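Each chain gets a letter, A, B and so on, in the order its sequence line appears, and its residues count up from 1. Since we're looking at a predicted model, the values are computed, not measured.
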Amino acid sequence: MHSKSRYRPLKIGDFLIILFFLSAIFFLPRGEGKKIRVTVDKEKEYIYPLTEDRVLGIKGKIGITKMLIKDGRVRVIEAPCPLRLCMRRGWIRNKGEQIICVPNKVLIRIEGEQFDAITE
Amino acid sequence: MQLQSRIAYLSVFTAAAISLFVIESFIPKPAPGIRLGLANIFILLVLLSCGFKEALLVGILKSVVGSLIIAHFLSPSFLLSISGTIVSVTIMGIAVRYIRGLSLVGISILGAESHTFTQVLIASNLFLGKVSFTYLLLPFVLLSLVSGSIIGIISYWLYSKLERKIEIA
């Protein structure tokens, strides 16, 4: 069917593919974030600064997701979803990091100060 | 390959793919959506030893039967799993058929990346909102590069062990 050992030695194409996908490293967002953007059900958006410490309650699809902002980082402290993956995600502080709660349709993302071209 | 041995190999590979899929779901993950894709080893072997249609069948069976066993059938994660499988098997089939100069490792990476791409595309459109697409995609591209390479190396090793036996049978 196929000639023997056609797939056995590593070939040049493999390295090209690895290099291509490895280049994603250069596009990763870096640095500490300045504000968080909370999106509920793809429609409502709320933006809060990361500089002042506080507790937020956001109403999602099935209940209220409570999050805590402290020392420039944010985490979910109370969630109505069954698996509570968003709570287990822990603190996030860097640009581009996000916490996602699929059942409650809440998306929390950290953004930088200036307008991000990738966002739009 | 004779019909009987084809059927036998297909059943063994399908059973192995489903078992790995189920076992893998019991391994604790650092975050949702991150998995090695061990079942892909056997989909790759089927793709090489039997052909594209058979590999697609094994992939779909793996998603359907596997998610019936771990009770995810028709849930969002089942939708993600089956669509990712169909796209990645198609891409790997095209790579095997038309692209020269690729070893199993490259083919496996292509499969892993297309699987990830489909899943992120569907997840961000259906469940999360389009904005999350680029931010989600980049880290997952790197992760699936790692998992695709690992799976590729394993199937490379396994195929070199099995190659002669499959060809003779």
Approximate separation, where rounding is to 0.5 Å, of A/L22 CG and B/L142 CG: 7.0 Å

Within one Ile-Leu-Val-Met-Phe-Trp-Tyr cluster: A/M87 and A/W91, side-chain cutoff 4.5 Å: no

Contact listing (chain B partner; residues 12-19 of chain A; heavy atom under 4.5 Å): A/I12, A/G13, A/D14, A/I17, A/I18

Minimal non-hydrogen separation, B/V141 against A/F21, with atom names: CG1-O, 3.8 Å

Residues which pass side-chain hydrogen bond (donor to acceptor under 3.5 Å, both in side chains) with A/R84, listed by chain and number, not counting sequence neighbours: none

Neighbour count >12 (heavy atoms, 6.0 Å) for atom CZ, B/F73: yes

Heavy-atom pair of closest approach, residues A/K11 and B/G101: CB-O, 3.5 Å

Rounded distance (nearest 0.5 Å) linking atom CG of B/L110 with atom CZ of A/F20: 9.5 Å

All side-chain hydrogen bond (donor to acceptor under 3.5 Å, both in side chains) counterparts of A/E78, not counting sequence neighbours: none

Hydrophobic cluster membership, A/V55 vs A/I69, 4.5 Å side-chain cutoff: no

Under the side-chain hydrogen bond (donor to acceptor under 3.5 Å, both in side chains) test, residues paired with B/S155 that sit two or more places apart: none

Verify same cluster id: B/L145, B/I153 (apolar side-chain graph, 4.5 Å): yes

Cluster link B/F21 to B/V46, ILVMFWY, side chain under 4.5 Å: no

